[in-house]
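Structure first, then comments.
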Amino acid sequence: MKFDVLGPIANIEVIASGPGIRMLSYLRKAYGRGRWRKLKGLATVRLPNGAMRRVELHWYEAHGIGRRDMKIKRYLED
């Protein structure tokens with residue numbers, strides 16, 4: 001699903017890092033070596049149908065590589 005993140009991501013927390021990431025081999029093959037971490041946070045997004053919703057996002061991030069594979073994990077109440 002394509003979506004646009006509107007504004008900053010708040011309440012960022014590290015879920016897993018290093019060997020604790022299940023997809024570590026995929027991340028290294030697709031994007032390169034790095035100190036990969038899986039993070040979560042809250043943000044407002046614009047969905048493809050134009051609706052704006054508050055959601056919990058999960059993504060992977062490494063220094064020098066940036067945020068990758070961002071996905072909406074759940075919708076929060078409006």
Side-chain angles (χ1 to χ4, degrees):
M1 173 189 291
K2 299 287 184 182
F3 57 89
D4 298 319
V5 178
L6 307 175
I9 300 174
N11 299 338
I12 297 174
E13 296 179 39
V14 176
I15 300 172
S17 62
I21 299 174
R22 293 179 184 170
M23 297 179 54
L24 188 58
S25 62
Y26 160 76
L27 293 169
R28 286 184 173 160
K29 287 178 188 174
Y31 306 114
R33 294 188 58 86
R35 185 171 179 259
W36 286 101
R37 300 180 302 160
K38 184 174 183 179
L39 296 105
K40 72 177 181 177
L42 305 176
T44 303
V45 298
R46 179 178 294 124
L47 301 174
N49 65 2
M52 293 193 310
R53 297 285 307 265
R54 187 90 170 139
V55 297
E56 179 180 316
L57 296 172
H58 286 203
W59 70 93
Y60 299 97
E61 182 174 310
H63 181 75
I65 299 172
R67 293 180 181 148
R68 297 289 185 258
D69 298 344
M70 189 172 285
K71 66 179 176 181
I72 295 173
K73 195 64 175 182
R74 65 185 175 115
Y75 294 96
L76 304 175
E77 297 196 29
D78 291 332

Subject >> Residue that, paired with Glu61, satisfies salt bridge (Lys or Arg N to Asp or Glu O under 4.0 Å) out of Arg35, Lys38, Arg37 >> reply: Arg37
Which heavy-atom pair separates [X] from [Y] by the least distance, and what is that distance?
X     : Y     : value
Trp59 : Lys40 : CZ3-C, 3.8 Å
Arg54 : Leu42 : NH2-CB, 3.8 Å
Ile21 : Trp36 : CD1-O, 3.3 Å
Leu57 : Val5  : CD1-CG2, 4.1 Å
Pro8  : Ala43 : O-CB, 4.3 Å
Ile12 : Arg67 : CD1-NH2, 4.5 Å

Nearest-0.5 Å distance, [atom1] of residue [X] to [atom2] of residue [Y]:
X     : Y     : atom1 : atom2 : answer
Leu27 : Arg68 : CG    : CZ    : 10.5 Å
Glu56 : Ile72 : CD    : CD1   : 11.0 Å
Met23 : Arg28 : CE    : CZ    : 13.5 Å

Original post:
When clusters are formed by joining ILVMFWY residues with side-chain heavy atoms under 4.5 Å apart, either directly or through shared neighbours, do Leu39 and Val45 land in the same one?
Top reply: yes
Would you say the side chain of [Y] lies within less than 4.5 Å of the side chain of [X], judging by non-hydrogen atoms?
X     : Y     : answer
Lys73 : His58 : yes
Leu76 : Arg74 : yes
Met70 : Ile9  : yes

Subject >> More than 12 heavy atoms of other groups within 6.0 Å of Arg46 CZ >> reply: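 Count not over threshold, so no.
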Subject >> Contacts of Ala30 that satisfy side-chain contact (heavy atoms from CB on, under 4.5 Å) - sequence neighbours left out >> reply: Tyr26
